[in-house]
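Order of the sequence lines sets the chain letters (A, B, ...), proteins ahead of strands, with each chain counted from 1. When reading the values below, keep in mind they use all heavy atoms of this one structure, side chains included, and skip hydrogens, waters and symmetry mates.
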Amino acid sequence: MTSVHGGERDERRREFRRMVGWSAVAHLCVLGLAVVSPRSSSNFDANQVIAVDLVALPAPARSASRPPPKATKAPTPPAEKPPPAPPKPKQVVLPKNAEKDPSKKKVEPKPAPKEAAPAEEPAQEKDLEDLLAEMREDAGEETPSEVPPTTAAAPTGVPNAGMGVQVSPETLAWMRKAKIHVRRAWIVPPGFRTESLETRVVVELAASGAVVGKPRIVRPSGNPWFDEGVVRGIEKSSPLPPPPRAGEWDFVFLPEDAY
Amino acid sequence: MLLRSAFLLTLAILGAGAARAQDRVPVVITPGSEQSYRIAVQRFADGSTPPSSERVSRFRETLQEALEYSGVFQRVPDGAFLGPLSTEALEGGPPIVCSDWTQVGADALLEGEIARDAQGLRVAFRVWDTVRCRDLLRRRYTQTSTTSPDDVARRVADDVVEAFLGVRGVSSTEIAFVSDRSGNKEIYVMKADGGAVRRATANRSINNFPNWAPDGEAIAYTSYRQGNRPLIFLSSRGTRRPGRVLTSDGRSQYRAVFDPTGKRLAVVISNGGASEIYSVGDDGRGLRRLTESRAIEVSPSWSPDGKRLAFVSDRTGSPHVYIMNADGSGVRRLTYDGSYNTNPTWSPDGLWIAYETRVGGQFDIWLIDPEGKVNVPLVSHARSDEAPTWAPNSRHIAFSSTRRGRADLYVIDRDGSNLRRLTGDAGNNTAPNWGPFPR
């Protein structure tokens, strides 16, 4: 029995030494990579860097479609509906307008119209955000970000979310301009606006902002027609505002302001 | 082995870290106000014998109206055209110059040919994505001499919608409804945009609840045409035999709804003081009772796979929507909110059930998912909105509303936008039922 226990101890010691050895190797690898890996930006200036915490909100439940967000009137929460009608003992309630005996002439219970019918066509809401951005751009002002300057919203699934990615103010300002520019060209038909879709595209931009080659979909939404519309929107928006650097840039397209 | 695993794990961790370091913060784009593509529709080349400028013009106008009806497109006015106004030839003509179209803001171009001769009507077309400068769709229709050019124009428009949206347009579909414009409640049929209205019944009695067969070749409806008892009849333009469906059953029959195969119908039949839901073959044979209660059970609506039925029961004292299996088993209550819910109708994609709910003294239309987890309003108004029916692409809902005083038919997109009135000032128009895609 002793020899068995002793063998186990020896084996554990050997194993411990091996693990310590590999741990040291791993630490050296990490140190080596940290030393030789390139900096995130060639014009890195610690004084101008803003630490950005990407805050990813919980994703809404994925489904083929979302409930309609717009109603002709403000949605009434079910709980606020009128209380149930007082019970009528032994009286059977026949569902309205359905399978009633049509021979019995229906007495019109509804009052005659007292006022002119309201406009039937729902007013097309102007995109105030775009208008404001356009006015500011025309006036040479910088468009305020939708988020505080030290934070940037990230769509669900974006790596580094919440890890404190560093983005220079110059890049952040360009991203805001690019967003305004691209969303003007991106046509989103009504059918897509309530869908849970998300497309990530890599776009190569020249220093002038012109789109070089074909945008590359790196994460499709699952709806190829939506993805086609995204690529169409990018190509239509070329040239974009000149980026801080020529090269590849990532874009995420969401059909609704869900984040 | 252990050492090797530890080494690989370490490398994987290091690799993942390196990959993360290369990730870029994306530019997040959300939609602006642009909702529709601008499409330039050329005058189609006329290959008719003899040629007819009027036919070509009318075809183009119908096509443009149908494209705009979809809500997906808006037309580029003729005056803005930089490129040719007319198609010279689909094959062998000059190549299109995409910049001519993008410069005037056109996202799409539709070109084509139309020919009417002894063989019938022939239409060929091609739709271009001018931004990416590539053609998305080419198609050719050959129709019999009786086919209306308007019908073909609507089909072309629906094809173009599908090329851009992945979901077929519905301008070529039809809606059956009830109208008292002639003095009696008769069944009528119109195009989905409210055009081409025609009467399907003329028996001068009371007719109600039209319901299309899935092949679009027949309409089942309730009628008093044979006395003072409502019975189910078929109006057929195909192979089905028109006339009464349940010839051997003399009880009152209130409503019939085709199942997705078109071979059976769910029928509401009077059973003593109450009414129950049965199913029966479209030839009137094989009557089976599905609901068993002392309550009133009405308004059946099939799920698109035909395995379940939504219906209304007042078994708890007030009408609510329930779901059961096609054989009547597995009944479960779906709606708990509100005191009066009726007229459920299952969307063709199976995701939603639209229904009426009473709010105060009038009715609104709500949507609920078949599991009952999401329940949201679609149409709310101070006056009643009733009898929802889904377009076959599940993108639109038609309904009847008294918001102008008399009852009119309206259509609205599933997201609550794009409300349009379909009927004019002729009588009260109720009980719409949206037909299938044409074959």
Heavy-atom proximity to chain A below 4.5 Å, by part of [X]:
X        : answer
B/Ile365 : neither
B/Arg395 : side chain
B/Arg406 : neither
B/Ala274 : neither
B/Phe164 : both

*Excluding sequence neighbours, so at least two apart, what forms salt bridge (Lys or Arg N to Asp or Glu O under 4.0 Å) with B/Asp129?*
A/Arg232

_For B/Glu162, give me all partners under salt bridge (Lys or Arg N to Asp or Glu O under 4.0 Å), at least two apart in sequence or on another chain._
B/Arg168

_Run the salt bridge (charged side-chain N to carboxylate O under 4.0 Å, His left out) test on B/Glu34 and A/Lys236 for me, step by step, so that the C-alpha distance in whole Å, both residues' side-chain angles and the decisive distance to 0.1 Å come before the verdict._
CA-CA 13 Å; B/Glu34 293 290 342; A/Lys236 191 178 174 185; over 6 Å; no

*side chain to side chain contact (heavy atoms under 4.5 Å, CB included) evaluation trace for A/Trp225 with B/Leu165*: CA-CA 6 Å; A/Trp225 290 274; B/Leu165 214 60; 5.7 Å; no

*Side chain from CB out, backbone as N, CA, C, O: work out which of these in A/Phe192 comes under 4.5 Å of a heavy atom of chain B, or both, or neither.*
both

*Please flag which part of A/Val202 lies under 4.5 Å from any non-hydrogen atom of chain B: side chain, backbone, both or neither.*
side chain

*Are the side chains of B/Asp107 and A/Ile187 in touch, meaning some heavy atoms are under 4.5 Å apart?*
yes

*asked:* Is there a side-chain contact between B/Val28 and A/Met175 in this structure, where contact means two heavy atoms from C-beta onward sitting under 4.5 Å apart?
replied: no

*Identify which of A/Trp249, A/Trp186, A/Phe226 forms the greatest number of heavy-atom pairs closer than 4.5 Å to chain B.*
A/Trp186

_Exercise: identify the closest heavy-atom pair between A/Pro190 and B/Ser417_ = CB-OG, 4.2 Å

*If you take all heavy atoms of A/Arg183 and B/Pro31, which pair is closest and at what distance?*
NH2-O, 2.8 Å

_Just so I understand: if I count every heavy-atom pair under 4.5 Å between each of B/Ile29, B/Thr130, B/Val167, B/Thr102 and chain A, which residue has the most?_
B/Ile29

_Atom pair CZ (B/Arg24) and CZ (A/Phe251), whose distance is rounded to the nearest 0.5 Å_ = 10.5 Å

